[in-house]
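Start at 1 and go down the list; that is how both ligands and their atoms are numbered. Please read these numbers as outputs of a predicted model, since none were measured by experiment.
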Amino acid sequence: MEILDGKKVSENIRKDFEKRIKILKENGRNPNIAVLGIVGDDASGVYVKTIEKNCNKYGIDFTLKIANTEEEFKENFNSIKNDKNITAIMFQEPLPAGLLELIDEIPPEKDVEGIGINNKGKLFVGKKDALIPCTSKAVIETLSFYGIDLQGKKVVVVGRSNIVGKPLIPQLLEKNATVTVCHSKTKNLEQETKQADVIIMCIGKAKFLKKEYIKEGAVIVDVGINFENGKIVGDVDFEDIKEKAAGCTPVPGGIGTVTNSLLIDNIIKTSEYSLKK
Ligand code: NDP
């Protein structure tokens, strides 16, 4: 089985970052991201720390504003929303429902995670300037990097969240795949996945996918990040499927790694858009 290593995909994505940032800076347009959160649950804290580290590496301005109250969060949001120097805005989730409503108020050109209604709409109708949710794009970039042609292939996506499963649908259709999306209410999941040339697992259940679920020679993309006995594992039982699958992304070192690079790519894009204005 071929291991579809995310580090190689990442290196390829990052190869022109320095050049793009240099052009932006020469034009007085520093890429600049503001991350807004609220005290309490910092489940995505590790992800945000990684983003900060990557921003420091490439000379991208990074600001983290953690509010003590919802009111303070709104104040922070209002102050950065129209700040011309901030090119990218990201919300550190989880957030209370009342604050999640603000996602659609992020100016579309600053919506670095592509989670607002405007970018989602653009993605669904195939507009090239859509900012695309990074993890879903990481799946497509990884398959493409390893030369896995999706045209006419049966692709089964397991998981239908707004940030991973759903944004995959238009991107897979764009590649001329035949797409099936499964979820927790799907009956006979095994029957669906067994027919798939490519399976994309994004459910958040440790080592869920076993060899009984796949056909010989299938390609598997493991988006899941789960903790088992203090170790990070994916949604795929890697050891179990490795004799049967043709290829699989590892966890860690797979889609998560590519996602981190695509987030930086999106930050640079927000700045490039601001230059065109
Ligand atoms: P959500 O919890 O938002 O969505 C999970 C989806 O999986 C839902 O659609 C749910 O169905 C479906 N599901 C759950 N259990 C089953 C099951 N037994 N059979 C079939 N479908 C099932 O998760 P996310 O999309 O946010 O994340 C999914 C995984 O990806 C997590 O492990 C997360 O940590 C990881 N992740 C990784 C990233 C990366 O960079 N690598 C980035 C983002 C997430 P239903 O809709 O019916 O409830």
Side-chain angles (χ1 to χ4, degrees), residues 3-7 9-10 13-14 35 41-51 53-54 90-95 97 100 103 112-115 120 123 131-143 145 155-169 171-172 179-196 199-210 212-214 220-228 230-238 248-267:
I3 296 174
L4 309 176
D5 181 2
K7 287 183 225 101
V9 189
S10 238
I13 292 165
R14 288 174 183 234
V35 180
D41 199 334
D42 70 341
S44 58
V46 178
Y47 182 43
V48 172
K49 282 212 167 65
T50 306
I51 296 167
K53 206 176 97 198
N54 280 327
M90 180 180 153
F91 284 179
Q92 180 176 358
E93 294 190 41
L95 287 175
L100 284 176
I103 284 175
V112 71
E113 292 191 293
I115 53 174
K120 279 186 197 155
L123 173 62
L131 286 161
I132 300 175
C134 300
T135 304
S136 69
K137 193 168 178 200
V139 172
I140 303 295
E141 291 281 329
T142 302
L143 291 169
F145 180 85
V155 179
V156 172
V157 181
V158 190
R160 58 173 167 180
S161 73
N162 285 335
I163 58 155
V164 192
K166 281 184 199 156
L168 269 167
I169 303 167
Q171 295 175 81
L172 291 166
V179 186
T180 302
V181 182
C182 300
H183 45 79
S184 69
K185 307 292 186 294
T186 298
K187 289 189 178 137
N188 297 322
L189 178 65
E190 197 176 321
Q191 212 169 292
E192 300 294 337
T193 51
K194 258 190 152 163
Q195 292 176 46
I199 304 172
I200 302 165
M201 289 300 296
C202 39
I203 64 173
K205 297 266 163 14
K207 297 182 180 171
F208 181 93
L209 196 85
K210 311 274 183 202
E212 293 76 27
Y213 281 80
I214 72 171
I220 322 282
V221 180
D222 192 354
V223 176
I225 298 177
N226 312 287
F227 292 90
E228 195 182 68
K231 276 177 68 181
I232 294 179
V233 298
D235 289 347
V236 177
D237 191 334
F238 196 85
C248 186
T249 59
V251 177
I255 295 302
T257 310
V258 183
T259 298
N260 292 336
S261 295
L262 285 173
L263 198 268
I264 300 297
D265 183 54
N266 268 4
I267 299 172

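- Between Cys182 and Leu189 the shortest heavy-atom distance is CB-CD1, 3.5 Å.
- Between atom SG of residue Cys134 and atom CG of residue Leu263 there is a gap of 4.5 Å, rounded to the nearest 0.5 Å.
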Give every pair formed by an N or O atom of ligand 1 and a protein N or O atom closer than 3.5 Å, one pair per line with both atom names and the distance to 0.1 Å, or write none.
unit_1   : atom_1 : unit_2 : atom_2 : d
ligand 1 : 9 (O)  : Arg160 : N      : 2.8
ligand 1 : 11 (O) : Ser184 : N      : 3.2
ligand 1 : 15 (N) : Lys205 : NZ     : 3.1
ligand 1 : 21 (N) : Ser184 : N      : 3.3
ligand 1 : 25 (O) : Ser161 : OG     : 2.5
ligand 1 : 32 (O) : Ile225 : N      : 3.0
ligand 1 : 32 (O) : Ile225 : O      : 3.3
ligand 1 : 34 (O) : Ile225 : O      : 3.3
ligand 1 : 40 (O) : Thr135 : OG1    : 3.4
ligand 1 : 40 (O) : Thr259 : OG1    : 3.2
ligand 1 : 41 (N) : Val223 : O      : 3.3
ligand 1 : 46 (O) : Arg160 : NE     : 2.7
ligand 1 : 47 (O) : Arg160 : NE     : 3.4
ligand 1 : 47 (O) : Arg160 : NH2    : 2.8
ligand 1 : 47 (O) : Ser184 : N      : 3.2
ligand 1 : 47 (O) : Ser184 : OG     : 2.6

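- Residue-environment remark: NZ (Lys53) stays at or below the threshold of 12 foreign heavy atoms within 6.0 Å.
- Rounded to the nearest 0.5 Å, atoms CD1 (Ile132) and CG (Leu123) are 5.0 Å apart.
- A distance of 11.5 Å separates CG of Asp235 from CD1 of Ile220, quoted to the nearest 0.5 Å.
- Side-chain contact of Gln171 with Ser136: a donor-acceptor pair under 3.5 Å is present, judged by distance alone.
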